[in-house]
Amino acid sequence: MESNSPRLQLLPQPLPPPITTFTAAETASKTSKKLALLPLVFLIFFEVSGGPYAAESPVGAAGPLWAILGFLVFPFIWSIPEALITAELTTVFPGNGSFVIWADQAFGPFWGSMLGSRKFLTGVLNLASYPVLCIDYLKLVFPVFSAGLPRYVAVFVLTLMLSFLNYTGLAIVGYTAVTLGVVSLSPFVVMTLFSIPKIDPSRWISLGEKGAQKDWTLFSNTLFWKLNSWDSASNLAGEVEDPQRTFPKALFAAALVTCLGHLVPILAATGAIPPKQEDWINGSFADFGEVIAGKWLKVWIEIGACLSVVGLYEAQLSSCVYQVVGIAKLGFLPVFLGMRSRWFNTPWVGILVSTIIALAGSCLDFADIISSVNFLYCLVMLLEFASFLWLRRKLPNIKRPFRVPMGLPGLVIMCLIPCGFLVYVMAVATTTVYLVSAILTFLSIVWYFLINLCRSKMWVQFNNAGGQLECEDYPLDKLF
């Protein structure tokens, strides 16, 4: 291996006293608070979906039946396999940004860097969509935010405010996510209860209005966007109490809340209201709430939508910034990018960089943001699936506190189905999405070689500049 590679090497050498987690988790002060199970569940929930807000499009794109089947079947062919893989690899590599090590250990430092940079770009582009989505809901109550300068100012100010909340600390963000999750889901519980007397089950099997065009690209992109990013939780592993035990439990609980949080409101609304596909657009759940229960429920859903966006933004930003911390610790990024605030012990440089990129991305159209995020995420997940399978073959005896209960042939089959969907999502992308993704991929490649040049010339300081992670970061006696 070249001396400037930051790759983790499993070489026999004298060991320090055993520890159970990455030192990346210990870069926080000894007095800093770790994430417990319940806050982690809701952070994962917000990293994945944040509730049924913006999930109306599949009904408008393909009709009630296909939307119901989509939210019923898709978790089994996509969400559960992704969550299982995340649970296994996170318990083996329980540190911030650990998926970089997945690709690095499987295929080398170049692919580790490519996975890290693409994953980061996916995250910050997602960040850009959330303030835009929040303003889309607010404009229903305050039309001044519909367009022009007031809209841009509102997106800018909201982005800065949400980033500052993240700066105050992950423990605060975690319990804030619990509160936001309960409040944002509660109006849909009420809407479901009010809709029960009005439900006509025959409406659930409707394929949509006659003559209405099916938009399968919108249908698949929305499903994918609302039910992916389970692996993002691995970025927080270094900030979690007992990640080997906590992560599998949190992923299972978050998966249950996420799936029911989409399926139940769609069943309630489609069953209680005659299907009109043109009415099913982003933000229409608020209008359905008014039809089912009254104006008060519409306002409640709109408030819940704004609070859900806050949770989405905080969870995604946390994932991005702690990924930066982890990657800097591993030596793929300069040390200064992982610097923490002396007041709140939060990665302020990562928060600043992520916020600036998110503000730039918010200038894109909402549909282009989502499509570009999905395309980059497809590239990320293809590499993650390949890394998972290769590590099972390459390191069969490594300790796995949580293990997907299948042999390698079964795992290959489990991964092939979601991989087929990934290829489909990439195939139906627009020219704009191809162009954006190509530019970002090119920049990721340039970034890798630029970082290697900076390391070799010693222009900036890196961790593990000798090319190997320190043994205390990852003790061999804990691997096998």
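A centroid separation of less than 6.0 Å is found between the aromatic rings of W280 and F285. For F385 and W78, the gap between ring centers is short of 6.0 Å. Outside the 6.0 Å centre-distance limit, the rings of W300 and F194 are not counted as a close aromatic pair. Remark: aromatic rings of F188 and Y53 are close, center separation under 6.0 Å.
Taken to the nearest 0.5 Å, the CG atom of L422 stands 12.0 Å off from the CD1 atom of I417.
A donor-acceptor contact shorter than 3.5 Å is absent between the side chain of S184 and the backbone of L307. Under a 3.5 Å cut-off, the side chain of S220 and the backbone N or O of T217 do form a donor-acceptor pair.
Atom CZ of F252 has 12 or fewer heavy atoms from other residues, nucleotides or ligands within 6.0 Å. Heavy-atom neighbours of F110 CZ from other residues, nucleotides or ligands within 6.0 Å: above the threshold of 12. Other residues, nucleotides and ligands place more than 12 heavy atoms under 6.0 Å from the CG atom of L408.
Minimum interatomic distance between I44 and A254 (heavy atoms only, all atoms of both residues): CG2-CB, 3.6 Å. Contact between A106 and L391 at its shortest, heavy atoms only, is N-CD2, 4.0 Å. A pairwise comparison of heavy atoms in H262 and P52 identifies CD2-CA, 3.8 Å as the closest pair.
Under the side-chain contact (heavy atoms from CB on, under 4.5 Å) criterion, T432 pairs with D368, T430, V436, not counting sequence neighbours.
Side-chain atoms of W204 and P64, non-hydrogen and from C-beta on, never get closer than 4.5 Å to each other.
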